[in-house]
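Below is one structure, written out as C-alpha cells; comments come after it.
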There are 2 protein chains.
Amino acid sequence: MRTDAQKNYSRLLEVARVVVEEHGVDASMREIARRADVGLATLFRHFPTREALFEALLHMNLEALIQQAAELEASSPPDQALVSWFREGVAFTHTYSGVCALFASAHADPNSALYAPCTALRSAGAKLLLRAQAEGTARKDMDGVDLFALMSALSWLVGQPGFASRGDHFVHLITSAILTNQPNNDSKIAI
Amino acid sequence: MRTDAQKNYSRLLEVARVVVEEHGVDASMREIARRADVGLATLFRHFPTREALFEALLHMNLEALIQQAAELEASSPPDQALVSWFREGVAFTHTYSGVCALFASAHADPNSALYAPCTALRSAGAKLLLRAQAEGTARKDMDGVDLFALMSALSWLVGQPGFASRGDHFVHLITSAILTNQPNNDSKIAI
DNA sequence: ACCTGAACACCGTTCAAGT
DNA sequence: ACCTGAACACCGTTCAAGT
C-alpha cells in the first residue's frame, strides 16, 4: 500500500470509531469521510461495504473475545465459563449500539465481510457449550447456533434504550435457561 | 372529516399495508404516498410519524392479541395460557418484519403514538404472568416488563433471516426459562 | 378544510477526470 | 496507484400556494 493510502486507511478507522460511538451502527458514511478530510469515494475503496468497515473496526475486540473463551476454558468450571463468556459477549456488543444486527445478518450471508469473524465467534462459544453439555450442566437440546442466537437477541435487547437498565437481569434469565439444575426462581444466583 | 380526506385516509392505510408487507417496517413513506396517488404531505398530515401510521395499521391485530389473552385466561390453565400467548405474540410481530423494534422503543417513549398500544399489550401479558406466578408455575423474579422484553427480543430474533427457521425452538428455550418445574433438556415438551 | 408541488438538507453509489 | 468532485437517484421534512 502506498504511504498516503496507508495514512488515509488508519485515519478513517480512527474517525469511524468516534463517529460510530456517537451515532451507532447506522452512522453516515459521508460524515465519516467528511470528518476524516477524505473524499467519500476514498472511504468506499478502502471499505467497500459497511460490513467491511466494521470488520476492521471490531477485529481487535473479536480477537480478544475469542481469546477470552480459551482462557475461561482453562481457568473455570464448564458452567461458569459458559455463563461468564456469554455475559462478556453481550457486554461487548453493547460498545457499538446496533452491531448485533450486523452480526445476525452476517451469520446467514457468506458474502458478508463479517461472515468469518461471526463464524469464529460462534465456534468459540460452541466449544464452551459442548464442554458444559458433556459435564451435564448445560441443556443438551441446543447447539452453537442457538447460543449465538440467544446472545444476539440479548444484545439487541439491552441495546434498546428502554431495556438497557435490566441487562444483568436478562442475562440471568437466559443463562438459567441454558444451564440445567439451576434454581430458576425467587432470587439471582451469585456467579 | 371531509369525505375526500376520509377517502385518502383509508386509501393510504390500504396501500401502506401492502408496501410494508413488501419492504418491512422501514418502507419508504414516499413510496406509500406515490402508490396511493396522494401528495407526500397529505400522508404526513394523516400520519405525522411512522409510529402513527403503524398505530393505525396494527390496531386491529393488537386488539385481537389482547382479546386472545382474555380468552386464554378463561379457557386454559395458567402456565399453558402464558406459553400459548407468548407464542402468539411472537408470531404476530412476524407479520410485519421489524415492527418489534418500533414497539421496543415505544415502550420507553410516552410521546410515541405506539406507547398506549404497547402498554396495553404489556398489561395483557402481565396478567397472564401473574396468574401463573400465583399458581407457582412461573418464576417469581420477573415482571410484565421482563415478559414484554423477552417477547420483543424473540420477535427480533426470528425476524432475522438466518434464524427464522429456528423460531419454534427459540420459543421453547425461552418459555422453559419462564416456567418453573419444567424439564428443560433433551427433548421438546408437547404443548 | 384539505391538498399539492417544490425546495431543502440529507443519504449511499458510481465514475470520469486529475495527480 | 490512489484520490477527488460531481452527478445520480433516493430519503423525510417543511411550507407557501392552490381549490
Side-chain angles (χ1 to χ4, degrees), chain A residues 1-57 96-99 101-102 105-106 109 111-114, chain B residues 1-57 96-99 101-102 105-106 109 111-114:
Chain A
M1 195 162 359
R2 245 166 49 176
T3 59
D4 56 339
Q6 175 64 53
K7 211 187 91 188
N8 279 338
Y9 180 88
S10 45
R11 176 80 169 271
L12 279 168
L13 265 187
E14 194 182 325
V15 171
R17 210 172 290 277
V18 176
V19 176
V20 168
E21 240 161 54
E22 275 177 38
H23 295 93
V25 92
D26 292 323
S28 157
M29 296 300 229
R30 231 187 180 93
E31 193 182 344
I32 295 172
R34 206 158 36 213
R35 284 217 224 168
D37 277 316
V38 150
L40 180 55
T42 301
L43 169 57
F44 277 100
R45 186 155 5 75
H46 282 295
F47 308 105
T49 62
R50 189 176 290 272
E51 283 74 24
L53 175 61
F54 274 86
E55 194 277 326
L57 217 52
Y96 295 116
S97 84
V99 78
L102 245 42
S105 72
D109 175 17
N111 293 333
S112 167
L114 284 170
Chain B
M1 195 163 359
R2 246 165 50 177
T3 58
D4 55 341
Q6 175 65 54
K7 209 187 90 189
N8 279 338
Y9 180 88
S10 46
R11 176 81 170 273
L12 278 168
L13 265 187
E14 192 183 326
V15 171
R17 209 172 291 278
V18 176
V19 176
V20 168
E21 241 162 54
E22 276 177 38
H23 295 93
V25 93
D26 291 323
S28 156
M29 296 301 228
R30 230 184 181 95
E31 192 182 343
I32 294 172
R34 206 158 36 213
R35 283 216 224 168
D37 277 316
V38 151
L40 180 55
T42 302
L43 168 57
F44 277 101
R45 188 159 358 77
H46 283 294
F47 308 105
T49 61
R50 188 177 290 272
E51 283 74 24
L53 175 60
F54 274 85
E55 194 277 327
L57 217 51
Y96 295 116
S97 82
V99 79
L102 246 43
S105 72
D109 175 18
N111 293 332
S112 166
L114 285 170

> Salt-bridged, B:Glu21 to B:Arg17, with N to O below 4.0 Å?
Replying inline: no
> For C:dC3, does either OP1 or OP2 sit under 4.0 Å from a side-chain N or O belonging to B:Asn8?
Replying inline: yes
> Where the side chain of B:Met29 is concerned, which of C:dT4, D:dT13, D:dG12 is the nearest nucleotide?
Replying inline: D:dG12
> B:Ser28 side chain N/O closer than 4.0 Å to the phosphate oxygens (OP1, OP2) of D:dG12?
Replying inline: yes
> If we call it a pair only when both distances are under 3.5 Å in a Watson-Crick or G-U wobble match, what pairs with D:dA1?
Replying inline: C:dT19
> Got B:Val20 and B:Val25 here, is their nearest side-chain heavy-atom distance under 4.5 Å?
Replying inline: no
>> OP1 or OP2 of C:dC10 versus the side-chain N and O atoms of A:Arg30: is any pair under 4.0 Å?
In response: no
>> If the cut-off is 4.0 Å, is B:His46 near the phosphate of C:dC3, judged by side-chain N/O to OP1 or OP2?
In response: yes
> Would you say a side-chain N or O of A:Arg45 is under 4.0 Å from OP1 or OP2 of D:dC3?
Replying inline: yes
>> Please evaluate residues A:Glu51 and A:Asp109 with respect to the criterion side chain to side chain contact (heavy atoms under 4.5 Å, CB included), reporting the C-alpha separation (whole Å), side-chain torsions for both, the decisive distance (0.1 Å), and the verdict.
In response: CA-CA 11 Å; A:Glu51 283 74 24; A:Asp109 175 17; over 6 Å; no
> Who is the Watson-Crick or G-U wobble partner of C:dG12, with both distances under 3.5 Å?
Replying inline: D:dC8
> Ignoring hydrogens and geometry, is there a side-chain-to-backbone donor-acceptor pair from B:Arg50 to B:Met29 under 3.5 Å?
Replying inline: no
